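As structure tokens, the structure follows; a few thoughts come after it.
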Protein chains: 2
Amino acid sequence: MTLSEEDYIKAIYHLGKGENSMVSTNEVAEQMRTKPSSVTDMIKKLSEKGVANYRKYKGVCLTEHGQKLALTLVRKHRLWEVFLVDKLNFAWDEVHEVAEQLEHIKSEKLTDRLDKLLGYPEVDPHGDPIPSKTGEFKKAVKKLLNEVPVGASGTCVGVKDSSAPFLKFLDKNKIALGDAITVLEKEEFDGSLHIEVKGKSIHISNQIAANLYLKITE
Amino acid sequence: MTLSEEDYIKAIYHLGKGENSMVSTNEVAEQMRTKPSSVTDMIKKLSEKGVANYRKYKGVCLTEHGQKLALTLVRKHRLWEVFLVDKLNFAWDEVHEVAEQLEHIKSEKLTDRLDKLLGYPEVDPHGDPIPSKTGEFKKAVKKLLNEVPVGASGTCVGVKDSSAPFLKFLDKNKIALGDAITVLEKEEFDGSLHIEVKGKSIHISNQIAANLYLKITE
DNA sequence: ACAAATATTTAGATTTGCCTAAATTTTAAT
DNA sequence: ATTAAAATTTAGGCAAATCTAAATATTTGT
Ligand SMILES: [Mn+2]
Ligand SMILES: [Mn+2]
Ligand SMILES: [Mn+2]
Ligand SMILES: [Mn+2]
């Protein structure tokens with residue numbers, strides 16, 4: 001597969017929402033930042049190559065084979081993101097663009113060894129699950145921290161309230177996007193939470209928790 | 001620069017032997033495993049882009065700017081080779097093909113952080129010098145081990161005698177291609193050498209030393 | 001049900017990188 | 001100094017990936 005074909009396969013995969021639903025030409029065009037006519041050409045080619053099923057005017061989805069390719073690409077992309085953050089100290093939001101390039105490097109050995117070097121991580125720095133070599137992985141869902149069950153853990157991926165006071169609070173408590181958070185205990189009385197962030201245990205109000213998004217894999 | 005343009009720049013650089021001498025179309029074609037007519041097309045384009053000087057029927061060389069690009073590519077290629085060997089336990093002779101892909105990843109930050117992760121290495125696993133961020137590096141020469149001055153060190157890059165007994169000797173003494181070797185002392189009487197390999201000091205005859213190639217950077 | 005709006009495909013061009021075959025230039029040999 | 005050989009360039013074409021504009025199909029609103 002060429003670099004471009006690989007990016008189309010990933011786009012179709014992501015737009016298919018994990019379930020392998022039919023995706024429209026325009027959706028792919030928007031995702032790929034190209035024109036619909038270019039997409040038509042490409043999905044015809046992918047269809048001929050046996051990685052996609054294309055029905056004129058109806059849309060496109062991946063074949064079994066196409067799905068395997070997509071999972072390998074997603075695996076490589078996310079492993080590289082972990083590498084960039086864990087080993088090269090890139091920030092949470094700097095890694096995607098570089099991983100978009102690195103995911104196309106062709107060497108199964110490289111992928112496997114990288115996986116090992118990183119300690120077989122299960123999620124990338126954005127909290128998204130990393131498919132195993134055989135293509136299995138857990139689904140991720142985004143939840144407000146106050147709706148996460150006690151004992152569960154996830155990755156901090158966003159805020160609902162982005163006001164200065166709230167962001168300042170997060171900063172003071174050393175909570176940042178990309179941090180792993182575990183819910184230790186929930187107080188019945190006021191719904192406040194004891195959570196663990198970066199090894200430290202802190203206590204936050206329910207109101208705070210109601211404005212922090214966590215990505216958790218079940 | 002596109003991937004292809006970058007590979008041509010590297011080819012012209014390497015064929016120019018470090019000194020920036022004029023390189024012929026046929027030489028580039030052979031190096032790049034393409035046809036001379038394709039090379040003519042490409043070097044015209046590189047010339048228009050200001051990275052090469054092309055004179056019809058006379059050959060091509062890099063401009064100042066082209067040389068800088070070449071050094072950056074060589075730097076990236078060799079850093080990735082060190083990464084593959086040191087961090088991912090690739091063998092000496094498995095890294096080139098993968099590095100040929102990785103060298104094209106565009107991120108200055110990535111290169112710099114990789115350099116740091118690896119401890120600012122000065123040579124790659126083949127004993128070739130790694131240009132610094134500013135493009136400086138030492139020249140490497142290949143010498144028989146018995147001609148290397150006392151105190152110097154280099155990388156084992158080949159054998160002159162490839163007979164079974166000799167290779168068996170190397171194996172028994174845990175000397176392998178890619179190993180760093182330092183000459184500790186030379187016996188006046190028989191020209192035998194005390195050398196350090198992988199932290200261990202061993203004693204070898206002049207005859208052995210006369211059949212082992214070392215790459216050393218001065 | 002049918003016109004209007006939207007989505008999709010087709011037709012025709014462009015750029016990049018490569019190829020083969022033919023023409024031209026340079027180099028080597030007599 | 002010619003001629004033969006080798007190197008190089010030009011001409012013409014092809015496949016990939018993209019684009020614009022025009023044609024066609026589908027969906028939506030009344
Ligand atoms: Mn990403
Ligand atoms: Mn990509
Ligand atoms: Mn190499
Ligand atoms: Mn390369």
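For the numbers below, each heavy atom of this structure counts, side chains included, while hydrogens, waters and symmetry mates do not. Since we're looking at a predicted model, the values are computed, not measured. So you know, we letter chains A, B, ... as the sequences are listed, proteins then strands, and number each from 1.
Nearest to the side-chain atoms of B/N26 among the listed nucleotides D/dA7, C/dT8, D/dC19 stands D/dA7.
In this structure, NZ of B/K44 is placed 15 Å from P of C/dT16, rounded to the nearest angstrom. The interatomic distance linking B/D41 (CG) with C/dT15 (P) rounds to 15 Å, in whole Å. Taking atom CE of A/M32 as the reference point, atom C1' of D/dC19 lies 15 Å away to the nearest angstrom. Here the P atom of nucleotide C/dT16 and the CE atom of B/M1 are 12 Å apart, to the nearest Å. A/R33 places its CZ atom 17 Å from the C1' atom of D/dC19, with the value rounded to the nearest Å. Computed from coordinates, the A/M42 CE to C/dT9 C1' distance equals 17 Å when rounded to whole Å. Separating the NZ atom of A/K49 from the P atom of D/dA15 is a distance of 14 Å, rounded to the nearest angstrom. Rounded to whole Å, the distance from CG on B/L46 to P on C/dT16 is 12 Å.
The phosphate of C/dT9 (OP1 or OP2) has a side-chain N or O of A/Y54 nearer than 4.0 angstrom. Phosphate proximity of D/dT9 to B/T40: present, with a side-chain N or O under 4.0 Å from OP1 or OP2. Residue A/T34 places no side-chain N or O under 4.0 Å from the OP1 or OP2 atom of D/dT18. Here B/S4 does not reach the OP1 or OP2 of C/dT16: none of its side-chain N or O atoms lies under 4.0 Å away. Between C/dT8 and A/K35, no contact under 4.0 Å exists linking OP1 or OP2 to a side-chain N or O.
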Solution key, residues 58-65 of chain B side-chain donor-acceptor pairs under 3.5 Å, sequence neighbours excluded:
unit_1 : atom_1 : unit_2 : atom_2 : d
B/T63  : OG1    : B/G50  : O      : 2.9
B/T63  : OG1    : B/V51  : O      : 3.2
B/T63  : OG1    : B/H65  : N      : 3.4
B/T63  : OG1    : B/G66  : N      : 3.0

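Remark: B/H126 engages B/W92 in a ring pair (Phe, Tyr, Trp, His ring centres under 6.0 Å) (not counting sequence neighbours). For the side chain to side chain donor-acceptor pair (under 3.5 Å) test, no residue two or more places apart in sequence or in another chain qualifies with A/Q31. Applying the salt bridge (Lys or Arg N to Asp or Glu O under 4.0 Å) rule to A/K109 yields the partners B/E94; only residues at least two apart in sequence or on another chain are considered. Under the side chain to side chain donor-acceptor pair (under 3.5 Å) criterion, A/E97 pairs with no residue at all, not counting sequence neighbours.
Both B/I43 and A/L3 sit near DNA chain D, but only B/I43 has its closest nucleotide nearer the 5' end.
In this structure, A/T25 reaches the sugar-phosphate backbone alone: every heavy-atom distance under 4.0 Å involves primed, P, OP1 or OP2 atoms, never a base.
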Could you write out each protein N or O paired with an N or O of nucleotides 21-28 of chain D at a distance under 3.5 Å?
unit_1 : atom_1 : unit_2 : atom_2 : d
D/dA25 : O4'    : A/Y57  : OH     : 3.3

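A salt bridge is absent between B/E103 and B/R78; no separation between the charged side-chain nitrogens and carboxylate oxygens falls under 4.0 Å. Taking a cutoff of 4.0 Å between a charged side-chain nitrogen and a carboxylate oxygen, A/E6 and A/K106 qualify as a salt bridge.
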